[in-house]
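The structure appears right after this line, and notes come after that.
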Amino acid sequence: MQGRKSLPPAVRRRFQTGRVSLDLVHTGGEGELAVWEIVHTAEDLGHWLGVILELPDLPADDADLAAFHRLRNALSRAAFGAAAGIPLAPSDIDAINAAAAEPPLIPRLNPDGTRDHPAATAGGALSTLARDAIDLFASPLAARIRVCASETCGLLFVDASRPGRRRWCSMDRCGNIAKVRKYRET
């Protein structure tokens, strides 16, 4: 995202990458990403985890918030690095593995066909996100992590298109804006 204007927080929160581990990266961060921060408190963390994992708000404390920041920073460096063709740093691998080592959320199927997660915790949710990241970075999809080509965006996405030439986070937003801009220039 360096050197790019970024989308407003309301738009960033609505965009979902299809991978919860990358959605975590879009919650803010350090440096120039700090302006987009949406997880300021343990309560914010519990709410965000509940929204992204489709659970009720989870109880979270300051230790969970610190673990979230460590994981998000590692995932951010790893994902933007992967998009640029840079190998994962050992310290980021260690941070992701440490988060994944905690007990994950365990889903339960209810008689009515719904699911829930009994005894869900923020730590379990972070472990689940870290395990999604391991699945992503250890697969061929890691080479398809992209940064939106729009000069005003910078969101990450996984290019799951067959030819692997997707350029925009969303055709509804950035792709359409680029096509309209190109049409008007001709």
Side-chain angles (χ1 to χ4, degrees), residues 1-84 86 88-89 91-100 102 104-105 117 120-134 136-137 142 145-158 168-170 172-174 177:
M1 284 190 46
Q2 296 182 356
R4 295 177 183 228
K5 295 180 185 175
S6 292
L7 297 173
V11 173
R12 292 172 63 82
R13 283 189 289 265
R14 281 195 308 265
F15 176 72
Q16 292 184 329
T17 65
R19 295 304 294 242
V20 290
S21 53
L22 291 185
D23 293 336
L24 183 148
V25 173
H26 293 157
T27 62
E30 297 178 328
E32 68 181 23
L33 297 175
V35 69
W36 308 116
E37 184 65 57
I38 62 172
V39 180
H40 300 280
T41 65
E43 184 178 278
D44 293 342
L45 173 60
H47 176 72
W48 183 83
L49 288 170
V51 168
I52 203 69
L53 296 172
E54 299 175 0
L55 302 167
D57 286 7
L58 297 174
D61 59 25
D62 288 341
D64 296 320
L65 186 61
F68 165 80
H69 285 126
R70 280 191 300 277
L71 179 59
R72 183 182 63 191
N73 292 341
L75 289 177
S76 184
R77 287 186 297 269
F80 282 105
I86 300 169
L88 291 154
S91 60
D92 294 333
I93 292 170
D94 290 345
I96 294 166
N97 286 337
E102 297 299 318
L105 295 177
H117 295 81
T121 65
L126 293 174
S127 177
T128 299
L129 295 173
R131 289 164 187 239
D132 179 72
I134 290 169
L136 174 61
F137 289 115
I145 296 173
R146 309 271 193 266
V147 177
C148 182
S150 171
E151 301 248 342
T152 60
C153 181
L155 292 176
L156 293 163
F157 64 92
V158 177
W168 318 108
C169 62
S170 166
D172 292 339
R173 175 154 178 86
C174 293
I177 290 169

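Both backbone and side-chain heavy atoms feed into the values below; hydrogens, waters and symmetry mates do not.
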Strictly distance-based, threshold 3.5 Å: is any side-chain N or O of N73 a donor or acceptor partner for the main-chain N or O of R70? no
More than 12 non-hydrogen atoms from neighbouring residues, nucleotides or ligands closer than 6.0 Å to NE2 on H47, yes or no? no
Nearest 0.5 Å, please: how far is OG1 in T27 from CH2 in W36? 13.0 Å
Mind checking side-chain contact (heavy atoms from CB on, under 4.5 Å) for T41 and listing every partner two or more places apart, or none if nothing turns up? E43, D44
For L45 versus A60, what's the shortest heavy-atom pair and its separation? CD2-CB, 4.1 Å
If you look at every heavy atom in P59 and D64, which pair is closest and at what distance? O-OD2, 4.2 Å
Rounded to the nearest 0.5 Å, what separation is found between the CD1 atom of I52 and the CG atom of D23? 4.0 Å
Would a distance-only check, ignoring hydrogens and angles, find a side-chain to backbone donor-acceptor pair under 3.5 Å from S76 to R72? no
Non-hydrogen atoms of A142 and F137 that approach each other most closely: CB-O, 3.6 Å
Between L49 and L55, is there a side-chain heavy-atom distance shorter than 4.5 Å? no
Please report the closest heavy-atom contact between C148 and C153, naming both atoms and the distance. CB-SG, 3.6 Å
Measuring from S127:OG to D132:CG, what's the distance to the nearest 0.5 Å? 11.0 Å
Any N97 side-chain heavy atom under 4.5 Å of I134 side chain: yes
Sub-4.5 Å side-chain heavy-atom contact between F80 and L156: yes
Rounded distance (nearest 0.5 Å) linking atom CG of L88 with atom CD1 of I93: 5.0 Å
At their closest point, which heavy atom of A125 faces which heavy atom of L53, and how far apart are they? CB-CD1, 3.5 Å
Would you say R131's side chain and A100's backbone share a donor-acceptor pair under 3.5 angstrom? yes
For A99 and L126, work out which heavy atoms get closest and say how close. CB-O, 4.5 Å
When you compare the side chain of L129 with that of F68, does any pair of heavy atoms fall below 4.5 Å? no
With a 4.5 Å heavy-atom cut-off, do L22 and L155 have their side chains touching? no
So does L105 get a backbone contact from the side chain of T128, meaning a donor-acceptor N/O pair under 3.5 Å? yes
List the steps, then state whether side chain to side chain contact (heavy atoms under 4.5 Å, CB included) holds for H26 with T17. CA-CA 9 Å; H26 293 157; T17 65; 3.4 Å; yes
